[in-house]
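Read through the structure below, which is laid out as structure tokens, and then see the notes.
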2 protein chains.
Amino acid sequence: MKRTVQESGGKRKAGLEELRRRLDERGGHMTRQRAAVYDYLSGVEHHPTAEEVFLNVKRRIPKISLATVYKNLEALVACEAISKLTYGDGSARYDIRTDHHYHTRCLGCGRMWDLEAARGKSALEQIKPQPGFAVSDFRLELLGHCEDCRG
Amino acid sequence: MKRTVQESGGKRKAGLEELRRRLDERGGHMTRQRAAVYDYLSGVEHHPTAEEVFLNVKRRIPKISLATVYKNLEALVACEAISKLTYGDGSARYDIRTDHHYHTRCLGCGRMWDLEAARGKSALEQIKPQPGFAVSDFRLELLGHCEDCRG
DNA sequence: TCCAAAATAAGAATTATTCTCACCTTGCTC
DNA sequence: GAGCAAGGTGAGAATAATTCTTATTTTGGA
């Protein structure tokens with residue numbers, strides 16, 4: 001499992017200590033399973049589905065159940081340690097980053113990547129909604145085909 | 001059931017004749033059920049779920065089955081007579097418009113509205129993905145609170 | 001009218017996700 | 001470090017949205 005650290009700009013991923021603090025705030029506990037889920041997400045560069053997280057964490061904790069993975073992902077989202085990506089077809093994906101950014105999604109293989117928010121923010125701010133509507137957030141996805149799927 | 005016609009700009013909804021032509025092209029047939037599904041979508045201003053379409057079409061064709069509604073929605077999407085909106089949480093929604101446009105979604109009441117593509121297109125085209133990724137489409141949602149939900 | 005391809009109804013099956021509940025851990029407090 | 005209450009876990013059942021299956025019916029052209 002490759003462990004690459006993301007670089008440059010924005011609030012990125014927090015360490016386990018920070019995670020524990022956040023869990024504490026909401027009366028949550030740190031468990032082996034929870035740490036493993038968080039750790040797996042910290043170590044991958046794409047945005048896996050719950051199933052993928054389950055299969056990978058299972059290698060470390062063979063008896064972990066899928067429901068536990070789901071509940072931990074939910075808990076991590078609740079304490080803002082990770083974020084849930086619900087656009088896209090099929091299943092939700094989870095992202096270690098909680099800073100504001102957008103995604104590219106390959107229509108061939110379904111994989112998703114990060115798109116730097118900086119690249120889109122000013123462009124998006126030019127877009128005005130109907131009168132009376134107060135925009136608080138943007139969701140943006142670029143769809144297309146990745147290098148591997150273009151052949 | 002209110003039947004309002006959308007106005008101004010872009011390729012909007014096609015009539016039943018146009019629909020028949022499009023179905024023909026792909027070897028599809030026009031059926032009473034298919035026409036009813038299309039007709040229902042043409043007559044509403046929001047973007048209903050398959051369930052909503054089913055319940056409403058059922059009033060005209062009591063014996064229609066939910067699977068038929070799903071298959072018809074799929075067929076209509078395939079011949080580009082309608083489009084499927086899969087962002088958002090929960091179930092997919094269907095939209096009579098197939099021209100390229102975006103949506104605003106109220107976080108208070110969940111309703112969705114159209115956002116003119118013209119307002120976003122040039123802004124979005126400034127956004128560049130990672131090298132090697134060929135963008136074929138954008139999906140954009142503005143999240144916030146509508147006039148009614150701001151009180 | 002005849003026919004092959006396509007569509008339908010009904011319900012079973014699948015997929016992603018959440019719930020249930022008996023038992024086990026965590027993180028205090030003493 | 002033992003005791004305890006709140007929270008977490010695992011296994012499987014339950015649910016929700018969607019798709020598949022199959023026998024029967026419709027459609028649109030020859």
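We name chains A, B, ... by the order of the sequence lines, and we start the count at 1 in each one. Heavy-atom basis, side chains included; hydrogens, waters and symmetry copies ignored. These figures come from a predicted structure and were not determined experimentally.
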Does [N] have OP1 or OP2 under 4.0 Å away from a side-chain N or O of [X]?
X       : N      : value
A:Lys63 : D:dA11 : yes
B:Thr31 : C:dT8  : yes
A:Thr68 : D:dG10 : yes
A:Gln33 : D:dG10 : yes
B:Arg32 : D:dT26 : no
B:Arg34 : C:dA6  : no
A:Tyr70 : C:dT18 : no

Could you tell me the separation between the [atom1] atom of [X] and the [atom2] atom of [N], rounded to a whole number of Å?
X       : N      : atom1 : atom2 : result
B:Glu25 : D:dG28 : CD    : P     : 16 Å
A:Glu51 : C:dT15 : CD    : P     : 10 Å
B:Leu66 : C:dT8  : CG    : C1'   : 13 Å
A:Asp24 : C:dC28 : CG    : P     : 6 Å
A:Leu73 : C:dC19 : CG    : C1'   : 17 Å
A:Lys71 : C:dT18 : NZ    : P     : 11 Å
B:Leu23 : D:dG29 : CG    : C1'   : 16 Å
B:Leu76 : C:dA6  : CG    : C1'   : 15 Å

Legend entry - B:Ile61 or A:Met30, whichever maps to the more 5' nucleotide of DNA chain C: B:Ile61
Inset, instruction - Give a yes or no answer on whether the side chain of B:Ser42 reaches the backbone of B:Tyr38 with a donor-acceptor pair at less than 3.5 Å. - result: yes
Legend entry - Exam field: side chain B:Arg22 to backbone B:Glu80, donor-acceptor pair closer than 3.5 Å: yes
Legend entry - SB check B:Asp95 B:Lys84 (cutoff 4.0 Å): no
Inset, instruction - Please name the residue in the list A:Met30, A:Arg21, A:Arg34 that meets the side-chain contact (heavy atoms from CB on, under 4.5 Å) test with A:Leu16. - result: A:Met30
Inset, instruction - With heavy atoms under 4.0 Å as the rule, sort A:Arg26 into base, sugar-phosphate or nothing. - result: nothing
Inset, instruction - Remember a base hit wins even if backbone is also touched, and classify A:Ala92 as base, sugar-phosphate or nothing at under 4.0 Å, heavy atoms. - result: sugar-phosphate
Legend entry - First of A:Gly28 and B:Gly28 reached from the 5' end of DNA chain D, by closest nucleotide: A:Gly28
Inset, instruction - Specify the closest pair of heavy atoms between B:Leu140 and B:Tyr102, including all atoms of both residues, with the distance to one decimal. - result: O-CB, 3.4 Å
